[in-house]
Structure formats: C-alpha cells, structure tokens
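Following: one structure in structure tokens, then a few remarks.
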Amino acid sequence: MGMPANERSEQAPGALARASTSDPAVLEFLSADKVFANGKRGLAPIDLAINSGEFVSLIGASGCGKSTLLKLAANLMESDAGRILWWRGPFAYVGQEGRRLSFVFQEPTLMPWARAVANVALPLVAAGVPKSDARARALTLLRQVGLESYASYFPRQLSGGMKMQVSIARALVTEPQLLLMDEPFGALDELTRNRLDSDLAALTKVRRCTTLFVTHSIQEAVFLSSRVVVMAAKPGRIFAQLSVGEPTDREEAFRDSDHFTICCRKLSALLREASLVDGGLER
Amino acid sequence: MPYRWVRELGAPLLVGVLFVGIWQAICRSADIPPYVFPAPSDVGASLIAGAPSLLAAWRNTLWVTTEAFCAAVLVGAVCGFVFVQSRTLERSFFPYIVLLQVTPVVAVAPLLIILFQNTNVALVLCATLVAVFPIVSNTTLGLRSVDPGLLDYFRMNKIGRWQTLVRLRVPSALPFFLAGLRISAGLSLIGAVVAEFVAGTGGQGAGLAYEILQAGYQLDLPRMFAALLLITVSGLGLFILMVLLERLLLGGWHEMNSRPER
C-alpha cells in the first residue's frame with residue numbers, strides 16, 4: 001500500500017499511520033489470503049500486525065472480507081497461503097498462560113438452558129476451574145458489565161443488549177490478552193450501542209486487552225479504536241489505515257471533541273474512496 | 001391464581017361431567033338395556049364387580065407398556081447417539097428403522113408370538129417396535145440441531161468432544177428427546193394393547209385387551225367399557241407424566257413447544 005507512513009509519535013489528529021514496530025506483535029497476518037470453495041477470492045494476501053495494547057477496528061462495505069479476516073484470526077478458518085501468527089507462534093500455543101484469546105460473535109450465542117452466571121462461567125468450568133471459583137469470577141464479571149442483578153436470569157429473559165453484555169462478560173472472564181469481536185453491537189439501537197461502546201472501552205482499557213473489532217459504524221470505530229483499518233472489496237484487502245490515538249480516556253466527552261469529528265470525517269472519506277475502487281482489481 | 005386453575009382444569013371437567021350426565025339421562029329415560037348401550041352407572045357397577053380380574057389385567061398391560069417404553073427409550077437413545085457419531089452409520093441403518101416403523105405392528109405381532117415361546121417377551125417386543133422410532137429420530141435430530149455459533153464457540157475454546165457432548169449437545173437435544181418421549185409413551189400403550197389382542201392369551205398374563213375380547217364374546221358391554229376406561233386412564237396418565245417431566249426438565253429456559261428467542 002502506498003500510504004504515507006507517519007510515526008505514531010507525531011499524533012496529528014487522524015493521521016494516516018502505521019503502528020510503531022517496537023510493540024510486540026500479538027497477532028500477525030503474513031500474506032494470509034483466503035480462496036473460497038467456489039473459487040472466488042475472499043481475501044487478497046493480507047499483511048497486518050496488531051500490537052500489544054492496541055484496539056484495532058476493521059471497517060468496510062459488506063463483502064470486503066472483514067469477518068473472514070476475523071475468522072482467520074480466531075482459527076475458525078484456515079488461510080490458503082501465507083501465515084498467521086499469535087504471539088509470534090502457531091495457534092497450538094494459544095490458550096496458554098499469557099496467550100489467551102476470546103471471541104465475541106455477532107450473535108450472543110448463549111446457552112438458552114443456562115442462567116446468565118452459568119453462561120459466563122462456561123469457559124472456566126470447561127477448563128477445569130472448580131465450580132464455586134468459576135461462579136465467583138463469573139459474578140465479578142457480571143458486576144463489571146452492570147448485570148449483577150440479572151445473574152440468575154435465563155437468556156430469553158434478557159434484552160438483546162443484555163445478552164450481548166453477558167456474551168462479553170463470558171469472553172472476558174478468562175482474562176484474555178487478545179479479544180476478537182465480530183460486529184457485537186450491530187443489531188442494537190444506537191443509544192444502547194453507544195452505552196455498550198463506552199463500557200467496552202473501559203473494560204478493555206483496565207485489562208490492557210488487545211482487541212480486533214469488526215464494525216460497520218464509523219462513529220463506533222473512531223470512538224473505540226487506536227487504529228482503524230479500512231478494507232475494500234473484490235477481493236477483500238486493506239485499503240488504508242487511520243490512526244486515532246491512544247485508546248485512553250475514551251469517555252462520553254470524546255464523542256464531542258474536535259478530534260473525534262475530524263477522524264470520523266477522514267474515515268468517511270476513506271470509506272468512500274474504498275468503495276470507488278471496488279471491483280477494479282479483479283472481476 | 002385460582003382463576004387460572006378454574007379455567008385450565010374446571011372447564012374440561014365441567015364438559016366431562018355434562019357429557020356423562022347427559023349420557024346417563026338418555027340411557028335411563030329411553031330405557032336402553034345395558035347389552036345395547038350401557039349407562040355410565042352400569043359401567044361403574046361392572047368396574048366394581050369385576051375389579052379383581054380387571055385390576056390384574058390392568059397391571060399386566062401397564063407392566064408390558066412400561067417395559068416396552070423403557071426398552072424403547074434405551075434402544076432409541078443409544079441409536080440416536082450412535083447415528084450422530086457418523087453419517088455413514090446413520091445412512092446405513094436408518095432406512096431399516098423406518099422399515100420397522102412402517103410395517104404395521106398388527107401384521108408383525110403373530111410372527112413374533114410364534115417365534116417367542118414366552119408371550120410376555122413377544123408382547124414387549126411388539127410394543128417396543130412401535131415406540132422406538134420417535135425416540136431414535138428425535139434424539140438424532142436433537143443432537144444435530146446444535147446452534148452452530150455455540151459449536152464454533154466450543155471449538156474455539158478447545159473444549160473437548162466429551163465436554164461438548166455433555167455441556168452442549170445433550171442439553172440442546174433435550175427438548176427434542178422429551179417430545180419423542182411423549183409420543184413414544186402413548187405408542188407403547190397402543191403397541192401393548194394391539195399385541196395383546198393378537199396374542200389373545202388369557203390366564204396369568206392376561207391384559208386389558210383380553211378382557212375386552214372376553215367381554216365382546218359375552219356381549220358384556222359394561223365390562224367392555226370398564227376395560228376401555230382403564231386403557232384411556234392409562235394413556236392419559238402417561239401423557240400427564242411426560243408433560244410433568246418436560247416441565248421439570250425444561251421449565252425455566254424453554255417455553256413449551258416454542259424455541260427460545262435469541
């Protein structure tokens with residue numbers, strides 16, 4: 001990509017930037033690509049590194065391979081060429097101490113027969129943590145997402161936003177170092193989404209949890225991210241990257257800042273450009 | 001809420017009482033003799049008079065039904081689990097289970113009764129053949145109908161095959177399995193009674209079907225009705241038992257007969 005590569009130290013508002021290379025990479029795509037079974041190319045070879053502590057959003061039109069990229073990162077799908085490294089190692093080492101990964105799907109994917117607290121405790125119980133211990137940790141997480149009083153509710157008794165919060169609590173209960181999220185708030189109304197975005201920013205900041213986040217929303221991407229990756233379609237590829245700044249102090253006030261507005265405007269322009277080159281390269 | 005109870009139990013009870021009352025009134029006012037059509041009071045009298053043999057027959061029928069039901073649950077669940085392990089196994093064996101299902105039990109029963117010296121074994125086998133199909137198909141369907149998102153979640157967390165079975169597949173299959181149980185419980189009773197009809201055996205192991213046959217030969221209509229009443233009560237009892245089991249196991253999370261919204 002022929003993007004101007006500013007160093008992060010400059011921190012001009014909304015500067016196009018490549019992340020500093022001094023941070024240890026948590027997740028690396030090395031020319032990883034994906035060809036679907038029908039022969040269609042889903043992803044052009046992708047080079048992307050997510051560094052420790054970053055909050056990176058993937059944004060782009062439908063069909064630009066955002067979800068595919070995330071599925072590759074979660075090893076739910078394998079790349080056809082190139083490599084993907086987790087903490088500079090293969091997926092087999094993921095799950096060890098200091099290399100834990102969690103995934104939040106578009107849907108809450110909760111077990112309908114289990115109460116909220118049991119749903120949150122699932123990854124711990126399945127990993128052999130004693131039940132009372134797992135339950136206590138699950139309750140702590142539920143308190144942190146503000147659902148303490150709903151611990152004994154069944155999923156069908158919760159609203160869409162609450163179910164998503166339970167799903168996030170379940171992802172965070174293992175104290176992951178890498179969090180992958182696939183449009184978790186896509187189905188929610190804007191007010192709820194803004195509230196959950198603020199909560200998520202606080203939760204990941206406290207944990208210093210590296211996050212890769214797929215979204216359709218410009219505002220959401222700018223509000224949450226330190227870096228936004230703009231993708232173009234046919235085949236799915238990285239079109240541009242936008243640095244937003246350190247993911248600290250992402251509180252409601254940030255939404256009203258000039259920096260936020262400028263970044264949104266730049267991102268919007270980049271997305272428009274990305275949509276113009278659609279289909280230009282292949283098919 | 002007492003009002004709800006009145007509506008749920010009171011209304012059908014009222015219909016029943018009215019029906020029986022009108023039946024009694026017509027029989028008595030038109031002076032219909034019991035051998036043409038018995039009044040409810042005749043049936044009641046016959047039930048009390050014939051109690052020793054009717055109750056023995058009832059016990060026998062219930063026993064065959066229970067044995068067949070248990071056998072069907074066991075065999076059906078095992079088949080379901082095996083089928084889920086491999087599509088090839090399912091494809092190879094499922095047609096034969098369908099074959100068993102589509103062959104009328106009345107047609108198979110004489111053969112089984114000749115093949116097995118022990119009538120009781122033959123009866124249980126007949127009833128099991130009828131009852132096993134819903135359990136096999138529902139267990140298989142249930143174990144397969146796991147939310148693919150949850151399956152992905154389990155896979156990503158490197159949760160093993162056994163844990164996935166216990167924590168995900170079995171609970172997902174439970175509503176389907178219980179629906180199978182409900183159908184199968186009724187079928188066990190039907191199978192047992194049909195097999196008894198075909199066997200036509202009296203003596204120690206005589207069931208309610210034999211009572212009905214005997215009453216038919218003797219034109220003892222009140223006794224026929226009494227035996228019929230006991231069969232109906234058994235079927236109803238089994239159904240209620242299964243519904244209670246379903247409530248007990250699914251109560252909190254699963255709205256009756258509807259998938260939980262996500």
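Predicted model only: the values in this text are computed from it and were never measured.
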Test item: A/N119 side-chain N/O and A/M111 main-chain N/O as donor-acceptor pair under 3.5 Å: yes

A/R99 backbone acceptor or donor facing A/Q177 side chain under 3.5 Å: yes

With a 4.5 angstrom heavy-atom cut-off, which part of [X] approaches chain B: side chain, backbone, both or neither?
| X | value |
| --- | --- |
| A/Y153 | neither |
| A/R170 | both |
| A/F103 | both |

Contact leader toward chain B among A/L101, A/V94, A/N75, A/T174, where contacts are heavy-atom pairs under 4.5 Å: A/V94

Top contributor to chain B contacts, counting heavy-atom pairs under 4.5 Å, from A/S102, A/A74, A/A126: A/A126

Structural part of B/L150 lying under 4.5 Å from a heavy atom of chain A: both

Proximity breakdown for B/D152 and chain A, heavy-atom pairs closer than 4.5 Å: both

Under-4.0 Å salt bridge between A/R100 and A/E175: no

salt_bridge(B/E90, B/R144) N-O dist < 4.0 Å: yes

Reported CZ-to-CG distance for the pair B/F93 and B/L99, which is rounded to 0.5 angstrom: 13.5 Å

B/E196 versus B/T61, side-chain donor and acceptor atoms under 3.5 Å: yes

